[in-house]
Amino acid sequence: MLAYKGFNSKLQATMGNGVFQFEPGQTYEESECKCAHNGFHCAENPLCALGYYWAMDARFFIVEAAGDINQDGEGSRISCTKLTLLREIDRIKLAAHACLYMQKYPERKMENSGYATRDKGECGQEGDFVIVRGKNPQAAGVKGSWIFLLKEAKGSGAIEAVYPVFIDGEEYKAGAWYGIRGGKICGKKS
């Protein structure tokens, strides 16, 4: 199954009582897996990876989790006996993947509430993001940040559209609140 894994800037992750060094494109195997005990950990929900590696220099990969797989219900984390690092993605692509995950599984709990919220949210760091979902989502950000507005359908929690907005300082201004009206992004100064 495809999943997401976070690492520190050196492509290392904690494993047991130590640190394990990973390499892009490589496959790793363990004999056992049990969440929070052993095996290689990753997550189905991209935002779950941010719960473990939140620093701005953290690295993220799309991985293939295979072999024996264990899930313990703690978010969407997975422990597996075989892990392959498929492709590195940056924080913003991780956020975009999270939006697609929420669109596919709208009824699942939003993980890592520092990055995903309901109805109204704000991103205060250049190069970072916030995801806001709701019937009328609103978000603001600083120059160089991204806001993702997830419009829910009336009468259900299904996400009918995802609107990514880059706060470039020209077309989309820092400090302005943006929402969706008539299928288009609209904004106003706060």
Side-chain angles (χ1 to χ4, degrees), residues 1-7 42-56 58-65 71 75-78 86-190:
M1 76 183 292
L2 291 181
Y4 300 85
K5 182 161 181 60
F7 304 89
C42 52
E44 225 184 326
N45 183 338
L47 291 183
C48 189
L50 281 168
Y52 299 96
Y53 294 93
W54 58 88
M56 288 300 288
R59 296 172 68 182
F60 302 96
F61 271 76
I62 298 172
V63 298
E64 181 179 358
Q71 291 181 288
S76 68
R77 77 177 172 187
I78 298 163
L86 299 176
R87 187 179 73 206
E88 187 167 7
I89 57 175
D90 64 24
R91 290 176 80 82
I92 305 310
K93 285 188 179 143
L94 186 78
H97 282 248
C99 292
L100 295 174
Y101 177 86
M102 286 186 250
Q103 195 169 30
K104 185 174 181 179
Y105 304 107
E107 74 290 347
R108 292 188 182 171
K109 181 181 173 214
M110 290 192 308
E111 292 186 48
N112 205 327
S113 60
Y115 292 95
T117 188
R118 288 203 152 280
D119 302 321
K120 194 169 186 177
E122 195 168 3
C123 181
Q125 185 169 339
E126 182 180 349
D128 217 359
F129 67 91
V130 66
I131 298 170
V132 182
R133 69 180 278 186
K135 304 275 188 259
N136 297 298
Q138 296 178 27
V142 298
K143 186 176 179 183
S145 67
W146 283 83
I147 59 176
F148 293 87
L149 302 169
L150 281 62
K151 175 85 169 149
E152 291 181 348
K154 294 194 185 314
S156 77
I159 296 168
E160 60 185 32
V162 176
Y163 297 84
V165 178
F166 177 63
I167 306 301
D168 60 6
E170 294 176 22
E171 182 178 3
Y172 298 105
K173 309 281 186 197
W177 286 89
Y178 293 95
I180 304 160
R181 186 178 304 131
K184 296 182 179 180
I185 298 166
C186 60
K188 63 180 181 175
K189 276 287 194 193
S190 56

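Values reported hereafter were calculated over all heavy atoms of this structure, with side chains retained and with hydrogens, waters and symmetry mates removed.
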message: Y53 vs R59, test: side-chain hydrogen bond (donor to acceptor under 3.5 Å, both in side chains). Steps then yes/no.
response: CA-CA 8 Å; Y53 294 93; R59 296 172 68 182; over 6 Å; no
message: Please find the pair of heavy atoms, one from A49 and one from G6, that lie closest to each other, and give the distance.
response: CB-N, 3.9 Å
message: What's the separation between atom CE in M102 and atom CD1 in I131, rounded to the nearest 0.5 Å?
response: 4.0 Å
message: Would I147 and I167 count as a side chain to side chain contact (heavy atoms under 4.5 Å, CB included) here? Give the steps.
response: CA-CA 8 Å; I147 59 176; I167 306 301; 4.2 Å; yes
- line: Tightest non-hydrogen contact, residues V132 and G121, listed as CG2-N, 3.6 Å
- request: Check whether any side-chain heavy atom of R91 lies under 4.5 Å from a side-chain heavy atom of M56, and answer yes or no.
  value: yes
query: Taking 4.0 angstrom as the limit, do E64 and R87 come out as a salt bridge?
result: no
task: Check whether any side-chain heavy atom of N45 lies under 4.5 Å from a side-chain heavy atom of R108, and answer yes or no.
output: no
task: Would you check, one step at a time, whether the test side chain to side chain contact (heavy atoms under 4.5 Å, CB included) holds for F166 with E171?
output: CA-CA 9 Å; F166 177 63; E171 182 178 3; over 6 Å; no
field: Y4 and Y101, any side-chain heavy atoms less than 4.5 Å apart
entry: no
query: In chain order, what residues pass the side chain to side chain contact (heavy atoms under 4.5 Å, CB included) check against I185, with sequence neighbours excluded?
result: Y163, V165, Y172, Y178
query: Got I159 and R133 here, is their nearest side-chain heavy-atom distance under 4.5 Å?
result: yes
task: For L150 and C99, work out which heavy atoms get closest and say how close.
output: CD1-SG, 3.6 Å
field: Pairwise side-chain contact, V130 with F148, heavy-atom cut-off 4.5 Å (strictly under)
entry: no
query: What distance separates L50 CG from L94 CG, expressed to the nearest 0.5 Å?
result: 5.0 Å
Side-chain ion pair, E160 and K151, N-O less than 4.0 Å: no
statement: Here the gap from Y105 atom OH to L100 atom CG, rounded to the nearest 0.5 Å, amounts to 11.5 Å
- prompt: Hey, does W177 have a side-chain heavy atom less than 4.5 Å from the side chain of E122?
  reply: yes
statement: Taking every heavy atom of Q71 against every heavy atom of I78, the minimum-distance pair comes out as NE2-CG1, 3.7 Å
query: Just how far is it from atom CZ of F60 to atom NZ of K5, taken to the nearest 0.5 Å?
result: 11.0 Å
statement: Closest non-hydrogen contact found for D119 with K135 is OD1-N, 4.5 Å
- prompt: So, the side chain of S145 versus the backbone of D128: is there a donor-acceptor pair under 3.5 Å, distance only?
  reply: no
field: Beyond-backbone contact of E88 with I62, side-chain heavy atoms, under 4.5 angstrom
entry: no
statement: Rounding to 0.5 Å, atoms SG (C42) and CE (M1) come to a distance of 7.5 Å
- prompt: Any side-chain heavy-atom pair from V63 and L2 closer than 4.5 angstrom?
  reply: no
- prompt: Rounded to the nearest 0.5 Å, what separation is found between the NZ atom of K93 and the CH2 atom of W146?
  reply: 10.5 Å
